Each structure stands twice: as structure tokens, then as C-alpha cells.
Amino acid sequence: TRLEAREEVILRKTGALQIAIVLKGSATLRCGQQVLEVKQADELFFPYAIEPVVLIPHEPITMVLCNPGGVNMEAGDNR
């Protein structure tokens, strides 16, 4: 899934692990009390039981979110 963001967005929980690659831009990721700065070429791993992740772009950001086969993005849990 390709994600392009210019403003704050909550990443969809899929109920499965997820890998993200930042193609361009930079942002802050917040997950609970954890804060991570990300930029172009960063690779991230999100375990399936992760708390909601908030993406706060510093500039327009493009990411690719990779999910295991069979994950239905429409049925994801956004809680």
C-alpha cells in the first residue's frame, strides 16, 4: 500500500505485522510514549499487536506499507 501524507494520519492496524519503507520526505512517528523521527530510505517494522501509530509529516512524505499475503486492508482494525 502506498501512503502519501501532508498532514497527521493514524496508520491503519491490519491485525498482522507490517513493514514500512520511507520513499521520500520525513516525519515523526508516535506510538504511545515512544517517538521516532523517520526520513527517506528508513525501513520500519510494526508488530501486529502495536498500539496506534500517528504519523506527523514535517514535509510531504511517501511510504510503502507491506503486509503479509491475505491481509485485507479494508477490514483493518483502526482502534
Side-chain angles (χ1 to χ4, degrees):
T1 303
R2 185 181 182 102
L3 170 68
E4 296 180 353
R6 295 178 183 273
E7 57 189 44
E8 185 175 305
V9 64
I10 297 175
L11 300 183
R12 178 180 290 271
K13 289 177 69 173
T14 64
L17 63 87
Q18 194 168 50
I19 296 170
I21 302 168
V22 181
L23 299 179
K24 72 174 187 174
S26 63
T28 299
L29 290 176
R30 291 182 191 236
C31 180
Q33 298 297 319
Q34 302 293 321
V35 176
L36 178 66
E37 299 297 322
V38 297
K39 63 186 181 324
Q40 184 175 356
D42 283 349
E43 300 171 356
L44 309 159
F45 173 81
F46 300 113
Y48 80 96
I50 195 166
E51 295 179 31
V53 176
V54 179
L55 174 71
I56 307 163
H58 302 298
E59 59 188 310
I61 188 167
T62 302
M63 300 172 68
V64 173
L65 303 171
C66 306
N67 304 287
V71 171
N72 181 351
M73 290 300 293
E74 297 302 317
D77 177 2
N78 279 325
R79 287 180 276 150

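Quantities reported herein were computed from a predicted structural model and do not represent experimental measurements.
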Note to self: Quick check for you: to the nearest 0.5 Å, what is the distance between T1 atom OG1 and Q18 atom CD?
What the structure shows: 7.5 Å

Check: About how many Å separate CD1 of I61 and CG of L23, when rounded to the nearest 0.5 Å?
Finding: 9.0 Å

Item checked: Contact check, side chains of T28 and H58, non-hydrogen atoms, under 4.5 Å -> yes

Next item on the list: Find out whether L17 and F46 are in side-chain contact, i.e. whether some heavy atom of one side chain is under 4.5 Å from a heavy atom of the other.
Entry: no

Checklist line | Heavy atoms of other groups near E37 CD, more than 12 under 6.0 Å | finding: yes

Next item on the list: For Q34, look at atom CD and say whether over 12 heavy atoms of other residues, nucleotides or ligands are found less than 6.0 Å away.
Entry: no

Quick check: closest heavy atoms across [X] and [Y], and the distance to 0.1 Å?
X   : Y   : answer
A27 : P57 : CB-CA, 3.7 Å
V22 : K39 : CB-O, 3.3 Å
E59 : S26 : OE2-OG, 2.9 Å
C66 : V64 : SG-CG1, 3.8 Å

Notebook entry, point to check: Should L11 and Y48 be counted in the same cluster of Ile, Leu, Val, Met, Phe, Trp and Tyr side chains packed under 4.5 Å apart?
Noted result: no

Next item on the list: Check I56, V53, L36 against R30 for a side-chain contact (heavy atoms from CB on, under 4.5 Å) and give me the one that passes.
Entry: I56

Check: Considering the options L65, L29, I19, which one meets the side-chain contact (heavy atoms from CB on, under 4.5 Å) requirement together with L44?
Finding: L29

Check: Salt bridge or not for R2 and E4, using N-O below 4.0 Å?
Finding: yes

